[in-house]
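Basis for what follows: all heavy atoms, side chains included, without hydrogens, waters or symmetry-related copies. Counting starts at 1 for both ligands and their atoms, following the listed order.
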Amino acid sequence: MRKISIVGAGRVGETAAQILAEEEYCREIALLDVREDVPEGIALDILQTAPFFEFDCAVQGSNDPRILKDSDLVIVTAGFPRKPGMSRADVLESNVRIIDEVTDHILAHAPNAMVLIVSNPVDALTYRVTQRTGWDRSRVFGQAGVLDASRMASFIAQETGFSALDITTMVLGGHGDTMVPVPRFCTINGVPISYFLTEERIDAINERTRKGGAEILALRKNSSAYDAPGAAVAAMVDAIVNNRRRLLPCVALLEGEYGEADIAMGVPCVLGEKGVESVVELDLNARERADFERSATAVRKEIEQLRSLS
Ligand SMILES: NC(=O)c1ccc[n+]([C@@H]2O[C@H](COP(=O)([O-])OP(=O)(O)OC[C@H]3O[C@@H](n4cnc5c(N)ncnc54)[C@H](O)[C@@H]3O)[C@@H](O)[C@H]2O)c1
Ligand SMILES: O=C(O)C[C@H](O)C(=O)O
């Protein structure tokens, strides 16, 4: 990949940019933000880590949307994070205006790019970008489940004492309190977690995962999470750049899968060089399906709110 742009050089955007540079996923990283001088400053700061991390890709920042020109991938982290006590949906109204402006910049300056949405509420905003661009869902998708699954894996590692390296997890649904951790698809080197953890402990891990973002926000106080979110973005970029065809939970537009259409939410996807290659339909049991439907109802409510703002 030649050029990756990040719109929103805030905490998540900067963290992601630093990892992308260290890993040299592309030859050029562009940072676009509305704060005067800030994207230039962040770009310089990241560039000056090059001798330590041994990369030589270009890193530039600007307030001028033309910096997006020729991007292969645009990552959108622009927008307000929630404050303690708020839900992610509480920033919908302010962030939809930002996302619309950013989408128009992408349409004007990077019409061939893939778009990875991070800004919250990520399901509704990903939906919004699919509608405003009219692009195929393979090119417009969001990050949520990779982060939620990594949180769940770290909680399982803490509870069991096993290495996080051996833990695989799956979290579906909307990126909110109704998200759906699926313990049946969580293993420690292939062994179901129910082999090591009681139902009660698994329920507690599910609940902590659902509230994972709020837990960090309450502790950090003046910022929501950005280290793990930046790493989650980088994991998705890695899958795309290296055409790994990883099975990752992504926010994707549903076209009948899981009995849902005209909605974007977290589902397992095959992620590779063309973006979301396909949505994988897992055979959910009755409880998982009910939880997924409850989550879809919550996302639909946000999408309805979006429509009323149009
Ligand atoms: N999907 C996820 O898993 C996930 C994880 C973490 C954060 N988030 C979300 O990502 C967003 C950013 O979080 P953060 O902690 O980096 O916030 P932040 O406040 O540190 O950064 C946001 C940046 O967006 C910029 N911005 C605002 N309007 C813009 C515009 N029109 N064009 C370009 N830039 C613009 C701001 O100037 C700021 O630098 C929030 O909405 C947050 O909730 C999502
Ligand atoms: O919690 C938030 O608002 C930020 C993000 O969605 C997260 O899960 O860390």
From Gly230, Ala78, Gly79, Pro81 - option closest to atom 22 (C) of ligand 1 by heavy atom: Gly79
Candidates Val12, Val122, Asn120; heavy atom nearest atom 5 (C) of ligand 2 found on Asn120
Could you tell me the separation between the [atom1] atom of [X] and the [atom2] atom of [Y], rounded to the nearest 0.5 Å?
X      : Y      : atom1 : atom2 : answer
His109 : Asp70  : NE2   : CG    : 11.5 Å
Leu31  : Ile4   : CG    : CD1   : 11.5 Å
Leu271 : Phe141 : CG    : CZ    : 5.5 Å

Using a strict cut-off of 4.0 Å, indicate which atoms of ligand 1 neighbour a heavy atom of [X].
X      : result
Val7   : 33 (C)
Pro229 : 5 (C), 6 (C)
Leu147 : 3 (O)
Asn95  : 41 (O)
Gly8   : 24 (O), 34 (N)

Could you check [atom] against the protein and tell me its nearest heavy-atom contact, residue, atom and distance included?
atom                    : answer
atom 31 (N) of ligand 1 : Glu101 OE2, 3.4 Å
atom 20 (O) of ligand 1 : Arg11 N, 2.9 Å
atom 12 (C) of ligand 1 : Thr77 O, 3.2 Å
atom 8 (N) of ligand 1  : Asn120 ND2, 3.5 Å
atom 37 (O) of ligand 1 : Asp33 OD1, 2.6 Å
atom 13 (O) of ligand 1 : Val12 CG2, 3.8 Å
atom 2 (C) of ligand 2  : Arg82 NE, 3.3 Å

Should you measure from each heavy atom of Leu147, which atoms of ligand 2 turn up under 4.0 Å away? 7 (C), 8 (O), 9 (O)
Subset of ligand 2 atoms that lie under 4.0 Å from at least one heavy atom of Arg88: 1 (O), 2 (C), 3 (O), 5 (C), 6 (O), 7 (C), 8 (O)
Using a 4.0 Å heavy-atom cut-off, say whether [X] meets ligand 1 through its side chain, its backbone, both or neither.
X      : value
Gln143 : both
Val34  : both
Ala225 : backbone
Ala9   : backbone

Is it true that [X] and [Y] make a salt bridge, defined as a side-chain N closer than 4.0 Å to a carboxylate O?
X      : Y      : result
Arg300 : Asp262 : no
Arg184 : Asp291 : no
Glu207 : Arg210 : yes

Residue pairs, two or more places apart or on separate chains, that pass ring pair (Phe, Tyr, Trp, His ring centres under 6.0 Å) and touch residues 267-310: Tyr258-Phe292
Please indicate whether any nitrogen or oxygen in Asp148 is less than 3.5 Å from any nitrogen or oxygen in ligand 2. no
Ligand 2 versus Arg151: contacting region, heavy-atom distance under 4.0 Å: side chain
Among side-chain atoms of Ser62 and Asp64, is any donor-acceptor pair under 3.5 angstrom? no
Under 4.0 Å, counting heavy atoms only: does Tyr226 come that close to any atom of ligand 1? no
Quick one: does Val91 get a heavy atom under 4.0 Å from ligand 1? no
Please say whether more than 12 non-hydrogen atoms of neighbouring residues, nucleotides or ligands are located less than 6.0 Å from CZ in Arg2. yes
